[in-house]
> 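Let me begin by handing over the structure; questions about it come next.
Start at 1 with the first residue, then count along the sequence. Counting convention: from 1, in listed order, for ligands and their atoms alike. Just so it is clear, the values below take in all heavy atoms, side chains as well, and ignore hydrogens, waters and symmetry mates. Since this is a predicted model, take the numbers as computed values, not measurements.
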Amino acid sequence: MSILRVALDVPLDTLFDYLDAGHQAEVGMRVLVPFGRRQMVGVVLEIVEQSQLDNDALKPVLEVYGGEPTLSSEILRLLNFCADYYHYPLGQIVMSVLPGRLREARLALLEKILGYRLSELARQASLEVLPKRALIQRRLWLALEKQGSLTAENLGETSDNWHTAIKAMQAAGWVECVELKHVIPSAPSAIARPALNEDQAAAVEAVTRQLTGFKAWLLHGITGSGKTEVYMRLLESALAAPEAQVLVLVPEINLTPQLQARFKARFPHEPMVALHSQMSDGERLRNWRQAESGLARIVIGTRLSVFTPIPNLKLVVVDEEHDGSYKQQDGMRYSARDVAVVRAKQAGIPIVLGSATPSLETWHNSQAGRYALLTLGQRAVAQSQLPDIITLDARTPQLKDGLTPALINALHDRLAKGEQSLLFINRRGYSPVLLCSACAWVAPCERCSSRLVVHLRQRRLKCHHCGHEERIHVQCPNCGNPDLHPTGHGTQRLEATLAELFPEARVLRVDRDSTRRKGALEDMMAEVHGRRVDILVGTQMLAKGHDFPNLTLVGIIDTDSALFSPDFRAAERLFAQLMQVAGRAGRAEKPGEVLIQTAFPDHVLFEALKRHDYAAFATTLLQERKTAMFPPYCFQALLRAEAQKFEPVRDFIAEAANIAYGLDGAVMVYDPVRPTMARLNGMERAQLLVQAEHRQALQAFLKQWMGMLRSLPLAAKVRWSLDVDPLEI
Ligand code: ADP
Ligand code: ZN
Ligand code: ZN
């Protein structure tokens, strides 16, 4: 008797057994099963003859969704790895990586992907059989001759009026419509490509020489050094193999359209799909299916797309590998970058991690020889120089609304020359606190241990952590004083200050508030490119990816809190961020200048930054990490718990600590603590950090520990989670 072992989206670390009851389900297929009083969709992971349970107690599956794509054994293997490594229930992982439609209890009937190709008749004939005047038909004929087969989408790019033309050709018997399974590899395209510089050529050659077998590469290239060009050459090499597919991961949805446009220009005939969370369920399923069926040759996507089934995957690229967005912060807290490396290893293919400021983990791996290092040391466009980086002492009494005279002068100078400036401030809103000048009360969030940010325009106080909002108080609730001051600076205040200082300047604010509308960011970027903006004010949103040829000044305001943060990763993040922002200046022929306002102008971080010396700074940071025994010199996991009342949280974490102390000497268990945000969104929080010198030791410990924690009665009273390799502690 066949027993199906099914993965379900329930928080239990087990599979559930059902009788196949003559459905002949296969591994990887979706099924509908009874679960308690409900029915649930799951995926068959194993088929066995004998259940641990009594067969009589098993219920039959209700439905098997045959005829659909199944989860391949490659993906199931990767998901199994994740379940083990992140100590997260396999069933929940399996169900969470599926497109939404495949989590619904109905057969996901998919439209077939149809394409056109020349008929046998046409292949015997020549283009000249077409009427001389039928230009579009002739163009389509040539395209089909060259490409073998094309989808409607491909044809749409060839010509606007393709539809009538193809119908006519179909009627005449020259073209036939077929269901596409695999794409016929396209002829090498005659697209113009820049000649590679020496560093680029060396990088491309090194990777191309080893396109078979697993190997991890770190492509370390300063901003503007032409990393994307290197990726494109590597895609080209990898895609030369018939049926090959490639996966390119990007940290943020905002970066997909740009990269997609560049790839599209370079590979106009390669079927490409994007995958990210902001697409409709239908679109996501269609794209997923195209990747899964082997039809799409280039798959580009954010974090979650690392789990896309791609049967002929030959190369993985992770752009901006250092970016924190690769880390999932709820559910299974995985690092898409790390999972990508595991995937490449399992598939036996190369992976290229690219960054101007690699994460220290990756840098350490390259120093230790586990990843091969490729360096792009110069900017790709010869005339484009790296910007000068200058620190401005912010401890001057001459500050005008937070701006130093030197920065104001520099802004004047750019305005006079008709060049653009970017002011970077890492805080949206008007000002970060509302302060009572009489009793020093500051407006707190009632749901979090944080302060409310003043949003003056809407006359609201907002919590940037939980979203709580309230009206701005007219008087201090503590002492009745009506004199409440917005204190400190945010994007809105800076925007107001600039309007006062430079009434003639066109100022544009780019932050999460001003870009909420879909498409708003693209519209704003078009304004900047059209030179209809003089001064850009923005948060870190602006740090990445955008190229502004006419931007010659970057001013950075208020970075100092990160210099002395208790978070040991703060300096690494700040350096990366400043390098990225600095990279926005002087990308074209015009040299750029970066001015950083700080109370610590001689800090080592700025010294390294001025020299554009990532490697030196990384070495310093690694030394510190080694001395302090922090990652990458150890491996950590963080147990978090929260509940509305503190007591059960405290007790659960204390109990977890007690169990941990008793388990294994190779693992160091810290004291339970409350995080900086001790209260968040109305929940009381506590956490416990454990670490070990070796990954295996930590993993062995976690396996035992998790098993014991799950069976604690207290575990049911709090919301808790484990974060392996946490980025924020
Ligand atoms: P990165 O991704 O490293 O920031 P890009 O790939 O965006 O850099 O390249 C920066 C600019 O240099 C782009 O405009 C790109 O078209 C151009 N570029 C890249 N490689 C070359 C090259 N070999 N010759 C000329 N221009 C190049
Ligand atoms: Zn007061
Ligand atoms: Zn809050």
> For atom CZ of Arg451, is the number of surrounding heavy atoms from other residues, nucleotides or ligands below 6.0 Å larger than 12?
no
> Heavy-atom distances under 4.0 Å decide this one: backbone, side chain, both or neither, for Gln200 against ligand 1?
side chain
> Nearest 10°: the angle subtended at the Zn ion (ligand 2) by Cys476 SG and Cys479 SG?
110°
> Please state which part of Ala195 comes within less than 4.0 Å of ligand 1, counting heavy atoms only: side chain, backbone, both or neither.
backbone
> Closer than 2.8 Å to the Zn ion (ligand 3): does that hold for any N, O or S atom in Cys445?
yes
> For atom 7 (O) of ligand 1, tell me which residue out of Glu229, Arg193, Arg262 has the closest non-hydrogen atom.
Arg262
> As an exercise, state the distance from CZ of Phe263 to CD1 of Ile300, rounded to the nearest 0.5 Å.
5.0 Å
> If you round to 10 degrees, what value do you get for the angle at the Zn ion (ligand 2) between Cys439 atom SG and Cys436 atom SG?
110°
> State the atoms of ligand 1, each with its element, that fall below the 4.0 Å cut-off from a heavy-atom position in Leu196.
23 (N)
> Under 30°, 30 to 60°, or over 60°: which ring-plane class applies to His529 and Phe548, parallel, tilted or perpendicular?
tilted
> Which atoms of ligand 1 have any heavy atom of Ile222 under 4.0 Å away?
3 (O)
> Return yes or no for this condition: an N or O of Gly224 is under 3.5 Å from an N or O of ligand 1.
yes
> Within rounding of 10°, what is the angle whose vertex is the Zn ion (ligand 3) and whose arms end at SG of Cys466 and SG of Cys463?
110°
> Report whether any nitrogen, oxygen or sulfur of His468 sits less than 2.8 Å from the Zn ion (ligand 3) (N, O or S, backbone or side chain).
no
> Which atoms from ligand 1 have a heavy atom of Asn197 less than 4.0 Å away?
23 (N)
> Can you tell me how the ring of His473 sits relative to the ring of Trp441, calling it parallel under 30°, perpendicular over 60° and tilted otherwise?
perpendicular
> Angle between ring planes, Trp363 versus Tyr614, binned at 30° and 60°: parallel, tilted or perpendicular?
perpendicular
> Give a yes or no on whether Cys448 keeps an N, O or S atom under 2.8 Å from the Zn ion (ligand 3).
yes
> Run the contact test for Gly221 against ligand 1 with a 4.0 Å cut-off on heavy atoms, strictly below, and give the result.
no
> Check for me whether the distance between the ring centres of His220 and His322 falls short of 6.0 Å.
no
> Does any N or O atom in Pro194 lie less than 3.5 angstrom from one in ligand 1, N or O only?
no
> Please indicate whether Arg370 has more than 12 foreign heavy atoms, meaning atoms of other residues, nucleotides or ligands, lying under 6.0 Å from its CZ.
yes
> When you look at NZ of Lys717, are more than 12 heavy atoms from neighbouring residues, nucleotides or ligands closer to it than 6.0 Å?
no
> Could you tell me the separation between the OG1 atom of Thr357 and the CD atom of Glu572, rounded to the nearest 0.5 Å?
8.5 Å
> Which of the atoms in ligand 1, numbered in the order shown and given with their element, are less than 4.0 Å from a heavy-atom of Ala380?
12 (O), 18 (N), 19 (C), 20 (N), 21 (C), 27 (C)
> One pair to check against salt bridge (charged side-chain N to carboxylate O under 4.0 Å, His left out): Arg459 and Glu470. What are the steps and the verdict?
CA-CA 9 Å; Arg459 313 267 330 141; Glu470 55 191 66; over 6 Å; no
